[in-house]
Amino acid sequence: MSRFLSRKLAGLEAYVPGEQPKDKRYIKLNTNESPYPPPKNVVEAIGKAEIEDLRLYSDPECTALKSAIAEQYGVDTENIFISNGSDEILNFAFMAYGDRGAVFPDITYGFYSVFADLYGINAEVMPLKGDFMVDINDYCNKNSLVVIANPNAPTGIALELSEVEKIVSSNPDGIVIIDEAYVDFGAESTVRLTEKYSNLLVVQTYSKSRSMAGARLGYGFANEQIIEDLEKIKYSTNPYNINRLTQIAGTAAIENQAYFDGNCRKIAETREYVKEELRNLGFTVSDSKANFLFAKSDKIGGKELYLSLKERGILIRHFESKRIKDYNRITVGSREEMEIFLKNVGEIIGGKV
Ligand code: PMP
């Protein structure tokens with residue numbers, strides 16, 4: 001840290017992303033990416049002409065992409081905000097709506113507490129119940145910024161639509177963010193509720209179900225005034241936040257929803273298979289509605305399993321925080337990858353008996 005850094009930032013603990021190793025090729029089950037590539041029409045949409053056009057700025061309004069998303073979800077373009085990964089919307093929303101504090105669970109996406117610190121927001125951190133379930137009463141009648149990942153990460157557990165609606169309707173004077181990064185793998189989306197509630201911001205991403213984490217593309221749905229707020233911040237920081245190639249790729253992807261739906265189905269099936277197999281190996285595994293599983297074994301610690309698998313060329317995620325240090329988060333890869341994963345876990349655990 002230099003002596004010039006603002007005092008406001010000196011104590012900030014930055015978010016630590018999952019490893020993206022370069023030393024060798026791993027079976028990568030640590031950052032919830034899709035095991036499947038983007039569809040052919042996305043690859044074909046970016047040719048020489050599009051690359052030559054990189055000399056021009058991108059469309060700050062993301063016109064084509066916004067229209068495609070609007071049509072796909074049956075909403076108006078005025079109700080959509082497009083961002084550089086969904087992290088950017090979350091960033092803007094914390095910046096915009098955190099004045100009266102923020103409420104989120106103790107075990108959830110790690111970026112929420114980083115954003116709260118970054119903007120000096122008073123964070124009320126609600127412990128999940130013993131079974132890692134969100135107690136919705138903790139988030140009702142807050143009227144500050146309420147942030148819920150649904151399904152939650154890293155547990156994968158989802159709330160029902162009626163439960164989310166209770167949270168939203170009981171906070172008429174505070175923004176409620178529902179982070180739906182993983183919603184396409186089996187949970188119920190709250191996008192439709194944005195027509196009914198002017199305090200709801202629903203955030204989604206191309207990074208998981210749409211196989212485009214590297215393109216950095218996220219989007220949010222909300223009432224027009226909320227979208228205007230977010231646009232104001234965007235135009236005050238980085239008007240060209242979505243590069244030309246990502247806008248093209250994102251628009252093409254929308255034309256191929258059937259491909260993504262098929263992938264989500266496959267991933268959900270593989271998830272259920274791996275969950276059962278892990279339970280057969282004695283693991284405790286939560287009922288995930290996401291593209292990952294959250295699991296612990298009595299035979300081996302979370303860190304030891306992570307390190308043993310890494311030695312064998314398989315990466316999973318381990319978190320050091322106290323309440324979940326015995327657990328691992330395992331991204332659901334292809335069936336073949338998961339069979340290799342299970343075989344290796346079996347061997348590691350077998351050696352422990
Ligand atoms: N929300 C949750 C719950 C996540 O796990 C992630 C992925 N790390 C994000 C948002 C951000 O994803 P992205 O910026 O790639 O859209």
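Both counts, for ligands and for their atoms, begin at 1 and track the order of listing.
Aromatic ring centres of F104 and Y139 lie farther apart than the 6.0 Å criterion allows. Residues Y219 and Y206 bring their aromatic ring centres within 6.0 Å.
We find that E272 and K275 are joined by a salt bridge, their nearest charged nitrogen and carboxylate oxygen being less than 4.0 Å apart.
Within the structure, side-chain hydrogen bond (donor to acceptor under 3.5 Å, both in side chains) pairs that include any residue of residues 167-181 comprise Y112-D179, E180-S189, E180-T190, E180-Q204 (at least two apart or interchain). Judged as a side-chain hydrogen bond (donor to acceptor under 3.5 Å, both in side chains), the pairs with a partner in residues 16-27 (not counting sequence neighbours) are, in order, E19-Y306, E19-K310, Q20-K28, Q20-E33, D23-Y26. Pairs of residues two or more places apart, or lying in two chains, that qualify as side-chain hydrogen bond (donor to acceptor under 3.5 Å, both in side chains) and include a residue from residues 90-105 are N91-Y119, Y97-D229.
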Which N or O atoms of ligand 1 sit under 3.5 Å from a protein N or O, and how far apart is each pair?
from     : atom 1 : to   : atom 2 : distance (Å)
ligand 1 : 1 (N)  : D179 : OD1    : 3.2
ligand 1 : 1 (N)  : D179 : OD2    : 2.6
ligand 1 : 5 (O)  : Y182 : OH     : 2.6
ligand 1 : 8 (N)  : Y109 : OH     : 3.2
ligand 1 : 12 (O) : S86  : OG     : 3.3
ligand 1 : 14 (O) : S86  : N      : 3.2
ligand 1 : 14 (O) : D87  : N      : 3.1
ligand 1 : 14 (O) : D87  : OD2    : 3.2
ligand 1 : 14 (O) : R216 : NH2    : 2.7
ligand 1 : 15 (O) : S207 : OG     : 2.6
ligand 1 : 15 (O) : R216 : NH1    : 2.8
ligand 1 : 15 (O) : R216 : NH2    : 3.4
ligand 1 : 16 (O) : S86  : N      : 2.7
ligand 1 : 16 (O) : S86  : OG     : 2.7
ligand 1 : 16 (O) : T205 : OG1    : 2.6
ligand 1 : 16 (O) : S207 : OG     : 3.4

